[in-house]
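To keep things clear, I will list the structure first and then write my remarks on it.
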2 protein chains.
Amino acid sequence: MTGNLQATALLVDGATLSDQVTEVLRHNVVNGVWGVGDLLPSETALASDFDVSRTVIREAVSRLKAEGMLSSRQGRGAFVASNRPRQGFAIPECDMESQRKLAQILELRMGLEIEAAAIAALRATPEARLEIQRTAEAYDQTNQSDGPAVATGVSADLEFHRAVCVATGNDYYLGLFNYLVASLRETMLAGRLQALKRGGESRDAVQEHYDIAASIAEGDAECARQRMRDHLQMSSARLLAQLKTEEDSGE
Amino acid sequence: MTGNLQATALLVDGATLSDQVTEVLRHNVVNGVWGVGDLLPSETALASDFDVSRTVIREAVSRLKAEGMLSSRQGRGAFVASNRPRQGFAIPECDMESQRKLAQILELRMGLEIEAAAIAALRATPEARLEIQRTAEAYDQTNQSDGPAVATGVSADLEFHRAVCVATGNDYYLGLFNYLVASLRETMLAGRLQALKRGGESRDAVQEHYDIAASIAEGDAECARQRMRDHLQMSSARLLAQLKTEEDSGE
DNA sequence: ATTGACAACTTGTCATACAGGTGTACCAAT
DNA sequence: ATTGGTACACCTGTATGACAAGTTGTCAAT
């Protein structure tokens, strides 16, 4: 087996040893050399086979674990978890530029966060409720100081919404939220820039945050749901309107 | 800065140090603590901050490089390449094996589909409403023929739910639904297998589908919401219970 | 046959060392 | 003063050895 690394090493120039080993391992999994569920040779054995240090092997295995292709447990070994690279739910970046698609993405965010607010009202720990209240106040603060702190304002806004998702105790609500806002962030920055130019109209949003926080604090799921729905409907409409004026003034 | 690792370590149980550091780094990137293009602290500095060995830091950075979130060059350092996971929102396959995580995934599906039902009630085209009715009837049919058609039953069930998502006219509701059920499919098959062994209790589900379809046909968003919520709550509970009995009988 | 200690693995983590790339400050020659 | 080279400090990439912690199979005692 020694030497199959060199065979592929020719393909790339600036690739590190870890890169090369990663490619070989991935190739072996994808092409069925190691079937799903199979136990891989131990790290020391692989290091010996590839004639590299265990460090390099660990790095390669680590990457494939991050991809979901391999899995490992201490004392047991590493095994093939999936033979195809997992592709999750992804939103193409270019979709952000279309008003129609952006509206749809905001609509998806609504479905997510409305239910998150309800779950948070039912299940949030006292610490999580305090954190929601804290982020609502922090958002208030950033809006009182009327500097051109665009990024700060957006961040404070998102921190509140993130706190609600954290409060659900559901990793997937938080994970999906994080992905959506990562996709939306730049667009939101552009929108808020417009909002500031035309005079702050985000004072409404501050109060809406406080109201949502109160509903969650009281454990009133139905009220939290309704208020989050209203809030997101309003802020989505605001964002879309802001982007529209930007577009008009820009052209 | 030392000690901020421990703060988040509580959230997870079987996570390794590398896992924890990875999460913190990812969090810092996603939340803009480190902006795109910024140079990260050196590996030795990070190791000192987190109070772990450089090995752990390298492992974490390596994973985020594989995700496309970080990039590094020898001699220069590591910098933020993107604040957005390239592979989108993804659920690790192994999560399906944990009852707790499975329940959370089903909960996410609820948030998605409840709102989808409401949107469908408001916006569905006549054709889409007919398709929903058709898939509800098709599901009824597969339950009347009492063969061991496990896969058929699950497919018919999912077709109904998919039709609701299609009816929203929102590509992202449909896209996320498709991803979730792709992840859930095998688990649902296992659950339904148990259900059939113990005598069909999916007759309730048939009626629930009809009720949802009726609400959407009438354009009653609030009713559709409520019925979808009830239906998913019931069927999630059914699935979890079925898997539990399977687990008990299997061991 | 069951149980329990034990040995031989595994991965996870730490510490240290060095090679090779990159940027910078300094110094000499012009 | 500008330029050019050079040494130095710092970075990542890699190697090595060691130990902790978890898993599995064995084998003897009951």
| query | How is B:S72 classified with respect to the nucleic acid when contacts are heavy atoms under 4.0 Å: base, sugar-phosphate, or nothing? | reply | sugar-phosphate
| request: Check every strand shown and say whether A:R54 touches a base, only sugar-phosphate, or nothing at a heavy-atom separation below 4.0 Å. | output: base
| query | Under the side-chain contact (heavy atoms from CB on, under 4.5 Å) test, which residues partner B:E107, sequence neighbours left out? | reply | A:I119, A:R123, A:N170, A:Y173
| query | Quick one: side-chain contact (heavy atoms from CB on, under 4.5 Å) partners of A:Q74, sequence neighbours excluded? | reply | none
Interatomic distance, [X] [atom1] vs [N] [atom2] [rounded to whole Å]:
| X | N | atom1 | atom2 | answer |
| --- | --- | --- | --- | --- |
| B:Q74 | C:dT22 | CD | P | 8 Å |
| B:F79 | C:dT22 | CZ | P | 12 Å |
| B:F50 | C:dT13 | CZ | C1' | 16 Å |
| B:E59 | C:dC14 | CD | P | 11 Å |
| A:K65 | C:dT11 | NZ | C1' | 8 Å |
| B:R58 | C:dG12 | CZ | P | 16 Å |

| field | Spatial distance of atom CD1 (A:I91) from atom CG (A:L180) [nearest 0.5 Å] | value | 5.0 Å
| message | Return the CZ to OG distance between B:R185 and B:S183, rounded to the nearest 0.5 Å. | response | 12.0 Å
| field | Pair A:E159 + A:R162, salt bridge at N-O below 4.0 Å | value | yes
| task | Answer yes if the side chains of A:E137 and A:Q133 hold a donor-acceptor pair under 3.5 Å, and no otherwise. | result | yes
| Any side-chain donor-acceptor pair under 3.5 Å between A:D19 and A:T16? | yes
| query | Should the pair B:Y172 and A:F89 be assigned to parallel (<30°), tilted (30 to 60°) or perpendicular (>60°) ring geometry? | reply | perpendicular
| message | Checking A:F160 now: which residues fulfil ring pair (Phe, Tyr, Trp, His ring centres under 6.0 Å) with it, not counting sequence neighbours? | response | A:H209
| field | Range on DNA chain D touched by chain A - first to last nucleotide, heavy-atom distance under 4.0 Å | value | D:dG13 to D:dT24
| request: For A:S53 and for A:G75, locate the closest nucleotide of DNA chain D by heavy-atom distance; then report the residue assigned to the nucleotide nearer the 5' terminus. | output: A:S53
| task | With axes from five pairs an end, tell me the bend angle of the helix from C:dA1-D:dT30 to C:dT30-D:dA1, nearest 10°. | result | 10°
| field | Donor-acceptor contact below 3.5 Å, side chain B:S48 vs main chain B:T44 | value | no
| task | Would you check if A:M228 and A:V164 make a side-chain contact, meaning some heavy-atom pair closer than 4.5 Å? | result | yes
| task | Under 4.0 Å from any atom of DNA chain C, heavy atoms only: list the residues of residues 36-46 of chain B that qualify, in numerical order. | result | none
